[in-house]
Amino acid sequence: MRIGELSRRTGVSERALRYYEEQGLLRPERRPSGYRVYRDVDVAAVRRIRVLLTAGLSTAQIVEVLPCMVDDDDLLAPICPELVDELVKQRDRIGAAIDELAATRANLDTIIANERRAS
DNA sequence: CTTCTTACA
DNA sequence: TGTAAGAA
């Protein structure tokens, strides 16, 4: 199938699909015309990429992590133990980010609470 | 009509 | 990431 069909079947824009390829996430063949040719398995591949992207992983991380994962029905399951380690680190980073945002929000709340009427 | 690349009021 | 432009 060509990019248009893959886009329709995955709900991912053609722009994004070309970007994924640029990042090494997909390696479609090329027809002499230059058109990209995707295989059926790429539909599932794109879904996995989406899941990881939504989980906050960068495309670079996904490139390394993807080969260590397998489709367990509808979910993604990590195979390599070292991968689980990286995922845990990623989870911790998110936790840290949440804490920082909570702190900045608290600062904002304080400032808002200081509102005073103009005399 | 579909895709490709490149570039950005 | 979207989108416009010019070419195939």
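Quantities reported herein were computed from a predicted structural model and do not represent experimental measurements. By convention in this document, chain letters (A, B, ...) are assigned in the order of the sequence lines, proteins followed by strands, and residues within each chain are numbered from 1. Reckoned from all heavy atoms, side chains included, excluding hydrogens, waters and symmetry mates.
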(request) Rounded to the nearest angstrom, tell me the gap between atom CZ in A/Arg18 and atom C1' in B/dA7. (result) 14 Å
(request) Could you tell me whether a side-chain N or O of A/Thr54 sits under 3.5 Å from a main-chain N or O of A/Arg50, the two making a donor and an acceptor? (result) yes
(message) Using a 3.5 Å distance criterion without hydrogens, assess whether the side chain of A/Thr59 forms a donor-acceptor pair with backbone atoms of A/Gln23.
(response) no
(request) Before accepting this row, confirm whether a basic side-chain N of the pair A/Glu21/A/Arg30 lies closer than 4.0 Å to the acidic partner's carboxylate O. (result) yes
(request) State the CG-CG distance between A/Leu26 and A/Leu6, to the nearest 0.5 angstrom. (result) 7.0 Å
(request) Working to the nearest 0.5 Å, report the span between CZ of A/Arg2 and OG of A/Ser33. (result) 8.0 Å
(request) Rounded to the nearest 0.5 Å, what's the gap from CD1 on A/Ile3 to CG on A/Asp42? Could you check? (result) 11.0 Å
(message) Taking the basic N atoms (NZ, or NE/NH1/NH2) and the acidic carboxylate oxygens, is any pair closer than 4.0 Å for A/Arg18 and A/Glu22?
(response) no
(request) Give the minimum heavy-atom separation between A/Leu83 and A/Ile79, together with the two atoms involved. (result) CD2-N, 4.5 Å
(request) Mind calculating the distance between CD (A/Glu21) and C1' (B/dT5) to the nearest angstrom? (result) 12 Å
(request) Determine the minimum heavy-atom distance between A/Gln90 and A/Ala55, stating which atoms define it. (result) NE2-O, 4.4 Å
(message) Give the residues of residues 39-59 of chain A touching DNA chain B, defined as any heavy atom closer than 4.0 Å, sorted by residue number.
(response) none
(request) Please report, rounded to the nearest Å, how far the P atom of B/dT5 is from the CZ atom of A/Arg31. (result) 15 Å
(request) Whole angstrom is fine here: how far is it from CD in A/Glu22 over to P in B/dT5? (result) 10 Å
(message) Quick check on contacts: within residues 8-17 of chain A, what sits under 4.0 Å from DNA chain C by heavy-atom distance?
(response) A/Ser13, A/Arg15, A/Ala16
(message) What's A/Tyr20 touching, base or sugar-phosphate or nothing? Going by heavy atoms closer than 4.0 Å.
(response) sugar-phosphate
(message) Output the rounded distance in Å from OH (A/Tyr19) to C1' (C/dT3).
(response) 18 Å
(request) Quick one: pull up CD1 in A/Ile49 and OG1 in A/Thr10 and give me the separation to the nearest 0.5 Å. (result) 9.5 Å
(message) By nearest heavy atom, map A/Arg30 and A/Tyr35 onto DNA chain B; which one lands nearer the 5' end?
(response) A/Tyr35
(message) Please give the stem ranges for DNA chain C, sorted by first residue number, where a stem is three or more consecutive Watson-Crick or G-U pairs and both donor-acceptor distances are under 3.5 Å.
(response) B:2-8 with C:2-8
(request) Nearest whole angstrom, please: distance from the P of B/dT2 to the CD1 of A/Ile3. (result) 13 Å
(request) Starting from C1' on B/dT3, measure out to OH on A/Tyr38 and report it in whole angstrom. (result) 10 Å
(request) Compute whether any side-chain donor of one residue and acceptor of the other, for A/Gln61 and A/Glu86, lie under 3.5 angstrom apart. (result) no
